[in-house]
Amino acid sequence: MNECIFCKIVSGEMDATIVYKDEQVTAFRDIHPVAPTHILVVPNRHLASTNEVTEQDEQLLGHMLAVVKPIAEQEGIAESGYRLIINTGPDANQVVYHLHLHIIGGQHMRHPMG
Ligand code: 5GP
Ligand code: ZN
């Protein structure tokens, strides 16, 4: 039985505000946004983290980045800017072990991090 919450969001078993979906990825609003726009892009197929990525996943990972622009345009942050973050493992505070790309924008962020 799959207990992964992001797999459940992908399958529709669990609610989320989905902003983009295709055959490879799903994007939805983070439940605890840290900025006015905070979206998570996840592969529809379960991958725990970048530590599970293999050469077979290269097209999928490229696609995760390729969908960012249309999502950012839809959210009205393509021009103002946004930050992309992937957390992997305990030192990065990865909480959900289903690979996800954070798109964070809608407010100015200090440079280079934080
Ligand atoms: P991580 O630290 O693993 O990179 O981030 C996990 C993110 O998932 C957090 O920003 C958290 O707010 C978000 N999140 C956790 N559970 C849920 C949920 O059930 N629904 C949604 N939409 N986001 C979630
Ligand atoms: Zn999963």
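For ligands, and for the atoms within them, numbers begin at 1 and follow the listed sequence.
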Counting only nitrogen or oxygen atoms and a 3.5 angstrom limit, does [X] reach ligand 1?
X   : answer
I31 : yes
V96 : yes
Q94 : no
H38 : no
V95 : yes

Record the part of Y97 in heavy-atom contact with ligand 1 below 4.0 Å; permitted values are side chain, backbone, both and neither. neither

If I compare all heavy atoms of P43 with all of H98, which pair ends up nearest, and what's the gap? O-NE2, 2.8 Å

The salt bridge (charged side-chain N to carboxylate O under 4.0 Å, His left out) partners of D57 (sequence neighbours excluded) come to R45

Please list, in chain and residue-number order, the protein N/O/S atoms closer than 2.8 Å to the Zn ion (ligand 2). C4 SG, C7 SG, H46 ND1, H98 ND1

Assess whether atom CG of D91 is packed by more than 12 heavy atoms of other residues, nucleotides or ligands within 6.0 Å. no

Going through the distances and angles, do L101 and L65 end up as a side chain to side chain contact (heavy atoms under 4.5 Å, CB included)? CA-CA 9 Å; L101 174 65; L65 281 180; 4.1 Å; yes

Please verify the inter-ring angle class for H38 with H102; under 30° counts as parallel, over 60° as perpendicular, anything in between as tilted. tilted

